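Everything below concerns the one structure shown next.
Since the model is a prediction, treat every value here as computed from it, not as a measurement.
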Amino acid sequence: MAIGVFDSGVGGLTVHHRLVERFPTADFVYLADQAHAPYGGKSGEEIVDLTRAGCVRLFERGCDVVVLACNTAASVALRRLQQTWLPGYRRELGRSVNILGIVVPTIEAATGLPWEHEADRRGDKVEKLDVLGVFSTPATARSRVYEIEIDKRRQDVAVFSEPCPDLARMIETGAARMELTSVIAGHVKALATRIGRHPDRAILGCTHYEIVADLFQAALPPGTPLIRQPEATADALARYLARHPEFDPGTSSNRRFMTTGRPGAQHSMVEAFWGAPLSFQMA
Ligand code: DGL
């Protein structure tokens, strides 16, 4: 059996990379839905359908657990699939499978609280507000998942989202770093203008952005902490697998990379981030 990792494209590799370090003997299948990337400008229904199709491919290739290493899929489709589709699909498949997301671990890391924790009252005056900026795709921003879920847990954290409509596509297609630098600086400035100041911390709420985390870091005031999704997701998966020994992550260190798009090598920015040539097979 294996762990499946799903994204619309190469962004989820940032999470995959950390998961492989954390679970070196596990087997992994990575699926990039590059035929349909980017997801960030699509409707909710399209995102749900594409995410379901990606999960089916991974379950059919023997994955027991699929990690949606994609904020857009996790924030728009995950709850819907878990509630309305997965129970019937498990019966059809005749085995226990599950889909995990990336948003819950990120919120746990941002709030310092377990997901189950919800603030039980409102009232006390908040002396100091911790301002958290979230850079994401338009679909993730529209879902308001970070604003809603963080607000349920922490009254002293104010969340402001900045949708970045074209950024995932640019990273996916290997845009020049100079071009990316100026687009990222524009979004950092737009967010600061809207808030009236820079955020105290930031979430790169699209896994593609982690590939150019250094450009976000350079555009934000020096030392602004970034909440790292790959790390948070690896921690959450370790806890999940410890609680669920029925899910078998495999033991052969087998890694497969698949795409619904054009098979073969990825562009140099991805390879630089990955640290080695990376070739995808046709899904
Ligand atoms: N990497 C994805 C995310 O985390 C998807 C980006 C896209 O396809 O627009 O949101």
What pair of heavy atoms forms the shortest contact from [X] to [Y], and how long is it?
{"X": "Ile99", "Y": "Cys55", "answer": "CD1-SG, 3.7 Å"}
{"X": "Val97", "Y": "Arg90", "answer": "O-NE, 2.7 Å"}
{"X": "Pro230", "Y": "Arg18", "answer": "O-CG, 3.5 Å"}
{"X": "Val145", "Y": "Ser75", "answer": "CG1-CB, 3.5 Å"}
{"X": "Leu220", "Y": "Ala202", "answer": "CD1-CB, 4.1 Å"}
{"X": "Pro199", "Y": "Gly133", "answer": "CB-N, 3.5 Å"}

Derivation of the side chain to side chain contact (heavy atoms under 4.5 Å, CB included) call for Val212 and Thr181: CA-CA 9 Å; Val212 289; Thr181 303; over 6 Å; no
Grouping I, L, V, M, F, W and Y whenever their side-chain heavy atoms are under 4.5 Å apart, do [X] and [Y] come out in a common cluster?
{"X": "Val188", "Y": "Ile195", "value": "yes"}
{"X": "Val65", "Y": "Val20", "value": "yes"}
{"X": "Ile107", "Y": "Val134", "value": "yes"}
{"X": "Val103", "Y": "Tyr39", "value": "no"}
{"X": "Leu78", "Y": "Val56", "value": "yes"}

Spell out, as yes or no, whether a donor-acceptor pair under 3.5 Å connects the side chain of [X] to the backbone of [Y].
{"X": "Thr111", "Y": "Leu113", "result": "yes"}
{"X": "Ser253", "Y": "Pro24", "result": "yes"}
{"X": "Asp130", "Y": "Asp156", "result": "no"}
{"X": "Thr260", "Y": "Ala35", "result": "yes"}
{"X": "His267", "Y": "Gly174", "result": "yes"}

Does any non-hydrogen side-chain atom of [Y] lie less than 4.5 Å from one of [X]?
{"X": "Thr51", "Y": "Leu68", "value": "yes"}
{"X": "Val157", "Y": "Arg201", "value": "yes"}
{"X": "Trp85", "Y": "Val48", "value": "no"}
{"X": "Leu204", "Y": "Gln229", "value": "no"}
{"X": "Tyr30", "Y": "Met258", "value": "no"}
{"X": "Leu237", "Y": "Arg22", "value": "no"}
{"X": "Leu226", "Y": "Ile203", "value": "no"}
{"X": "Val29", "Y": "Cys63", "value": "yes"}

Phe135 vs His187, ring pair (Phe, Tyr, Trp, His ring centres under 6.0 Å): CA-CA, chis, key distance, verdict: CA-CA 8 Å; Phe135 298 93; His187 284 301; 7.5 Å; no
Cation-aromatic face contact Arg153/Trp115, 6.0 Å, 45 degrees: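 The answer is yes, since Arg153 meets both limits relative to Trp115.
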Atom pair [atom1]/[atom2] of [X] and [Y] - distance to nearest 0.5 Å:
{"X": "Thr224", "Y": "Gln217", "atom1": "OG1", "atom2": "CD", "result": "6.5 Å"}
{"X": "Cys206", "Y": "Asn71", "atom1": "SG", "atom2": "CG", "result": "6.5 Å"}
{"X": "Arg80", "Y": "Ile47", "atom1": "CZ", "atom2": "CD1", "result": "11.0 Å"}
{"X": "Ile184", "Y": "Arg177", "atom1": "CD1", "atom2": "CZ", "result": "8.5 Å"}
{"X": "Asp64", "Y": "Arg95", "atom1": "CG", "atom2": "CZ", "result": "5.0 Å"}
{"X": "His16", "Y": "Leu278", "atom1": "NE2", "atom2": "CG", "result": "8.5 Å"}

Whether Phe28 and Phe23 hold their rings parallel, tilted or perpendicular, with breakpoints at 30° and 60°: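 Answer is tilted, since the angle falls between 30° and 60°.
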Side chains of Thr137 and Thr72, donor plus acceptor under 3.5 Å: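 Thr137 vs Thr72: donor-acceptor pair found between side chains.
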Verdict with reasoning, Gln281 to Thr259, per side chain to side chain contact (heavy atoms under 4.5 Å, CB included): CA-CA 6 Å; Gln281 297 161 2; Thr259 179; over 6 Å; no
Set of residues satisfying salt bridge (charged side-chain N to carboxylate O under 4.0 Å, His left out) with respect to Arg169, sequence neighbours excluded: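 With sequence neighbours excluded, Arg169 shows a salt bridge (charged side-chain N to carboxylate O under 4.0 Å, His left out) to Asp166, given in chain and number order.
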Salt-bridge contact Lys189-Glu162 (side-chain N to carboxylate O under 4.0 Å):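 Looking at Lys189 and Glu162, the cut-off is not met.
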Asp49/Lys42 ion pair, N-O < 4.0 Å: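 No salt bridge links Asp49 with Lys42.
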Test side chain to side chain contact (heavy atoms under 4.5 Å, CB included) applied to Glu149 and Val104, step by step: CA-CA 9 Å; Glu149 298 298 341; Val104 169; over 6 Å; no
Chi angles and distances behind the salt bridge (charged side-chain N to carboxylate O under 4.0 Å, His left out) call for Arg142, Glu147: CA-CA 10 Å; Arg142 232 178 11 249; Glu147 285 89 332; over 6 Å; no
Verdict with reasoning, Arg228 to Asp235, per salt bridge (charged side-chain N to carboxylate O under 4.0 Å, His left out): CA-CA 11 Å; Arg228 310 313 287 241; Asp235 291 345; over 6 Å; no
From CA spacing to verdict: side-chain hydrogen bond (donor to acceptor under 3.5 Å, both in side chains), Gln266, Gln34: CA-CA 11 Å; Gln266 294 295 320; Gln34 289 174 311; 3.2 Å; yes
Let me have the donor-acceptor pairs involving side chains of residues 1-10, under 3.5 Å, with sequence neighbours excluded, atom names and distances please.
unit_1: Asp7; atom_1: OD2; unit_2: Gly9; atom_2: N; d: 3.4
unit_1: Asp7; atom_1: OD2; unit_2: Gly11; atom_2: N; d: 3.0
unit_1: Asp7; atom_1: OD2; unit_2: Gly12; atom_2: N; d: 2.9

Arg91 atom CZ: more than 12 heavy-atom contacts under 6.0 Å: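 Atom CZ in Arg91 is not packed in, count stays at 12 or less.
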Verdict with supporting geometry, Leu100 and Asn98, side chain to side chain contact (heavy atoms under 4.5 Å, CB included): CA-CA 7 Å; Leu100 307 176; Asn98 206 1; 4.1 Å; yes
All pairs passing salt bridge (charged side-chain N to carboxylate O under 4.0 Å, His left out) where residues 245-264 contributes a residue, at least two apart: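 Salt bridge (charged side-chain N to carboxylate O under 4.0 Å, His left out) check on residues 245-264 returns no pairs.
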Candidate pair Asp33 and Arg57, rule salt bridge (charged side-chain N to carboxylate O under 4.0 Å, His left out), full reasoning: CA-CA 11 Å; Asp33 190 14; Arg57 280 181 196 269; over 6 Å; no
